[in-house]
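Accompanying notes for the structure given below.
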Amino acid sequence: MKPLVRVIKHNTHPGQILNDLIIEPNNLNIEETSKLLGITKATLSDIINGKGSITNIIATSISKAFGGSPVFWVRLQAVYNSRNEKEREEKEFLKVLPDEEDDFFDDFFDDFENDFDKSEWTW
């Protein structure tokens, strides 16, 4: 069985989904939406701009104001966080790996050349 390949390459923040699927289609602005959700304009702005998270409380507020399940929004945030962490770990791994690899092979070949006496070669 072939391993599954992730089709979606971009990790979309749930705030962007909130904005694209609810706020903009309903012609709402930040102030109106923040009042409906019972959160500050700054908090909503952070969420929409991908700097803040949709918490359980905010997910419940979204559900009450616009319908749907709070679990949907909590899961979107959890998946986003998980993918973000995985991407961060991969970047950190790739930053460290080449230097360690280069050092290993450089040292290996230096030692190999020093230990190998070319004068013993016979043809």
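The structure presented is a predicted model; accordingly, all values stated were derived computationally and were not measured.
- Every side-chain hydrogen bond (donor to acceptor under 3.5 Å, both in side chains) that Asn49 has, sequence neighbours left out, goes to Ser45.
- Taken to the nearest 0.5 Å, the CD1 atom of Ile62 stands 9.5 Å off from the CG atom of Leu76.
- A pairwise comparison of heavy atoms in Pro70 and Ser63 identifies CD-OG, 3.4 Å as the closest pair.
- Among pairs with a residue in residues 13-35, those fulfilling ring-ring contact (aromatic ring centres under 6.0 Å, His included) read His13-Tyr80, at least two apart in sequence or across chains.
- When the side-chain contact (heavy atoms from CB on, under 4.5 Å) test is applied to Val79, the partners found at least two apart in sequence or on another chain are Arg83.
- Of the possible polar contacts, one joining the Ser69 side chain to the Val71 backbone as a donor-acceptor pair under 3.5 Å is found.
- The line from CZ of Arg75 to CD1 of Ile54 is 14.5 Å long, rounded to the nearest 0.5 Å.
- Not counting sequence neighbours, the partners of Asn56 by the side-chain contact (heavy atoms from CB on, under 4.5 Å) test are Val74.
- The side-chain hydrogen bond (donor to acceptor under 3.5 Å, both in side chains) search around Asn81 returns Gln77, not counting sequence neighbours.
- Qualifying side-chain contact (heavy atoms from CB on, under 4.5 Å) partners for Asn29, counting only residues two or more places apart in sequence or in other chains: Glu31, Glu32.
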Which atom pairs, one a donor and one an acceptor, fall under 3.5 Å between side chains of residues 15-25 and the rest of the protein, sequence neighbours left out?
{"from": "Asn19", "atom 1": "ND2", "to": "Glu24", "atom 2": "OE2", "distance (Å)": "3.1"}

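- Nearest heavy atoms, Ser53 versus Ile58: O-CD1, 4.0 Å.
- Contacts of Ser61 classified as side-chain contact (heavy atoms from CB on, under 4.5 Å), with partners at least two apart in sequence or in another chain: Leu37.
- Here salt bridge (Lys or Arg N to Asp or Glu O under 4.0 Å) pairs that include residues 40-53, with residues two or more places apart or in two chains, number zero.
- With Ser82 contributing its side chain and Ala78 its backbone, the two residues share no donor-acceptor pair below 3.5 Å.
- In this view, Glu85 and Arg88 satisfy the salt bridge (charged side-chain N to carboxylate O under 4.0 Å, His left out) rule, not counting sequence neighbours.
- Although no hydrogens or angles enter the test, the distance criterion places no donor-acceptor pair under 3.5 Å between the side chain of Ser34 and the main chain of Leu44.
- Scored by the side-chain hydrogen bond (donor to acceptor under 3.5 Å, both in side chains) test, Thr43 finds Thr40 as partners (sequence neighbours excluded).
- Sequence neighbours left out, not one pair with a member in residues 41-74 passes ring-ring contact (aromatic ring centres under 6.0 Å, His included).
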